[in-house]
Amino acid sequence: MADTTFGSCCVDEVGASHINADCVIHYGHTCLTPTSTLPAFFVFGKAPINVSNCVNNLLHTADTAGKPVMVLFGLEYAYAMLDLKKAVLEALVSYESQAELEIQFSDVVCSVLEPSGKSSDFGGIMELVGVSHANDAAGVQSGTRHSTGGLVWNVPQGRKVEEYSMFWIGSENAAFANLVLTFNGCEIVRYDATEDRLVTDLSQQRRIIKRRYFLVEKAKDANIVGILVGTLGVAGYLHMIHQMKELVTGAGKKAYTLAMGRPNPAKLANFPECDVFIYVSCAQTALLDSKEFLAPVITPFEAMIAFKSGSQWTGEYVMEFRDLIKLSPEEVGKPSEEARFSFLQGGYIEDQNLDGIDAEDDEGDLALAHATEKALSLRDRHPNSIVKGMAKSGAEFLAARTYHGLDMDSYSSSPEPFIVGRSGKASGYEDEKSCEKK
């Protein structure tokens with residue numbers, strides 16, 4: 001059972017609970033996220049692949065890269081990895097290269113997941129393939145563990161993941177976009193098994209990072225934030241929603257939690273008071289192309305950068321919100337009193353505090369002066385443009401609207417006289433004169 005409400009890559013735990021299922025079987029494209037209540041068995045499927053051509057492109061990439069190569073793949077090609085490893089070992093014997101080639105394969109976490117992360121730890125899944133076999137299995141496994149898209153691998157001690165060249169086998173899907181964002185410091189090439197060709201130009205994917213940085217800067221100027229519930233089955237989603245709410249309110253902004261299934265422009269247009277939305281979902285569906293949306297949609301990681309005072313984007317990117325839960329919690333506190341520079345407004349602005357006037361300033365005339373000073377803001381120079389972000393809550397936004405719906409006269413208690421309607425047929429009512437033919 002796949003979750004058709006939010007994303008088909010996740011398990012439909014709500015639907016399984018309605019039929020009192022003890023286990024869920026998921027077939028097809030999946031993100032292998034830990035479930036909350038039910039164990040899940042995943043069937044990945046088998047997509048066709050030309051092993052010999054893939055090996056030739058892999059060896060050519062390893063020869064020209066001049067660095068270790070990490071092989072990652074879509075889960076639909078997991079069945080062919082054993083044959084691919086054997087073909088690489090056989091090809092390395094006769095392959096002529098001036099440098100020693102080092103190729104490392106990632107592997108699937110597991111095909112069965114227990115709730116709350118009770119799945120058994122992986123063991124013996126890493127394999128280092130090369131001319132020299134100086135590194136044994138134990139040496140490979142002792143290092144830093146990395147994961148993405150249901151795959152795991154270890155980087156040996158003394159090395160960084162940026163020292164690797166990533167070789168992706170699969171299509172240009174959400175899993176590949178997550179790889180480009182998460183490991184943006186690595187050289188990445190993609191082997192398209194469907195078209196049987198090697199793709200090295202990833203300029204379009206690199207633009208995603210610039211786009212996400214722009215959304216972070218736009219979220220910093222937001223006053224009203226909507227938290228979108230994007231999953232009901234991934235373990236820890238409730239904890240992350242509460243964590244995002246505390247982060248937003250601690251930054252002096254108003255937060256609203258919204259559950260509407262898979263977001264689209266029509267749904268989010270019903271909440272025009274929200275300046276930005278935080279989408280809490282699995283990593284495969286976290287990136288939404290919000291160009292058609294009235295307000296940007298960001299990830300929990302981007303929200304932490306936008307709403308934590310003094311935080312800066314160092315280039316690191318985290319897709320899994322479960323990795324943010326594991327991080328040591330930091331005290332958010334009240335927003336800084338110092339003005340910050342807004343790239344979108346082109347000047348320094350002060351973040352407002354929903355708590356109102358501070359206790360230390362609540363004395364006499366100074367309290368009114370401080371409140372008035374913080375309430376003043378520079379409006380847009382163009383009179384015809386619409387400036388959002390002036391309201392601090394949904395109630396203020398509704399009060400500032402020119403149309404409030406039906407204006408009912410609640411002050412009059414006397415009943416209104418009834419009006420007698422017309423009678424007859426639509427083709428000719430009784431009060432209508434019929435045309436006489438001459």
Side-chain angles (χ1 to χ4, degrees), residues 31-34 58 61-62 65-75 78 81 85 88 100-110 113 116-130 132-170 175-190 202 209 234-236 240 282-284 286 299-302 304-305 311-330:
C31 55
L32 278 178
T33 53
L58 176 58
T61 301
K67 58 176 64 176
V69 176
M70 179 65 64
V71 180
L72 300 102
F73 50 89
L75 297 179
M81 286 302 107
K85 294 176 185 179
V88 169
E100 181 179 353
L101 303 184
E102 187 175 344
I103 303 174
Q104 183 174 337
F105 283 83
S106 61
D107 205 348
V108 182
V109 179
C110 57
L113 288 179
S116 302
K118 297 179 181 179
S119 57
S120 59
D121 199 8
F122 69 97
I125 65 173
M126 310 309 301
E127 182 177 353
L128 188 66
V129 182
S132 175
H133 298 279
N135 298 325
D136 54 1
V140 174
Q141 291 184 7
S142 59
T144 306
R145 181 183 179 182
H146 296 274
S147 63
T148 181
L151 303 176
V152 290
W153 69 92
N154 277 1
V155 175
Q157 294 180 355
R159 282 185 177 177
K160 298 181 179 179
V161 70
E162 290 78 11
E163 301 177 2
Y164 282 80
S165 178
M166 302 294 182
F167 186 88
W168 171 263
I169 303 175
F176 179 68
N178 294 348
L179 174 66
V180 175
L181 277 177
T182 307
F183 303 97
N184 53 73
C186 301
E187 297 180 3
I188 303 176
V189 296
R190 181 176 68 89
L202 302 179
I209 303 177
V234 179
M240 177 52 58
C282 69
Q284 300 288 5
T299 63
F301 172 74
E302 295 167 349
M304 287 190 171
I305 299 177
S311 60
Q312 296 181 354
W313 197 347
T314 60
E316 180 186 6
Y317 201 93
V318 180
M319 293 298 303
E320 294 283 353
F321 68 79
R322 291 177 290 111
D323 297 335
L324 301 177
I325 298 177
K326 297 177 183 178
L327 297 178
S328 57
E330 299 179 6

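The basis for the numbers below is simple: all heavy atoms, side chains too, and nothing from hydrogens, waters or symmetry mates.
A donor-acceptor pair under 3.5 Å is formed between the side chain of S106 and the backbone N or O of V71. With hydrogens and angles disregarded, a donor-acceptor distance shorter than 3.5 Å links the side chain of N178 to the backbone of A283. For Q104 (side chain) and V155 (main-chain N/O), no donor-acceptor pair under 3.5 Å exists by modelled atom type.
Between F183 and H146, the ring-plane angle classifies as perpendicular under the 30° and 60° cut-offs.
The CG atom of N154 lies 11.5 Å from the CG atom of D107; values are rounded to the nearest 0.5 Å. Here the OH atom belonging to Y317 is positioned 5.5 Å from the CG atom belonging to L181, to the nearest 0.5 angstrom. Between E102 atom CD and Y164 atom OH the span is 5.5 Å, to the nearest 0.5 Å. Considering CZ of R190 and CG of L72, their distance stands at 14.0 Å, rounded to 0.5 Å.
Heavy-atom minimum distance, V318 versus F301: O-CB, 3.3 Å. Contact between W153 and M166 at its shortest, heavy atoms only, is CZ2-CE, 4.2 Å. Between C186 and V161, the closest heavy-atom pair is SG-O, 3.1 Å. Contact record, A78 with V108: CB-CG2, 3.9 Å, taken as the closest heavy-atom pair.
Between E320 and T182, the closest side-chain pair of non-hydrogen atoms is not below 4.5 Å. Proximity of M319 to T148: side-chain heavy atoms (C-beta onward) are nowhere separated by under 4.5 Å. A 4.5 Å side-chain heavy-atom check between F105 and L151 finds every atom pair outside the cut-off. Here the side chains of W168 and V180 are not in contact, with every heavy-atom distance at 4.5 Å or above.
For E163, the side-chain contact (heavy atoms from CB on, under 4.5 Å) partners at least two apart in sequence or on another chain are R159, K160. Residues forming a salt bridge (Lys or Arg N to Asp or Glu O under 4.0 Å) with E187 (at least two apart in sequence, or on another chain): K67.
Residue pairs meeting the salt bridge (Lys or Arg N to Asp or Glu O under 4.0 Å) criterion with at least one member in residues 147-157: none, sequence neighbours excluded.
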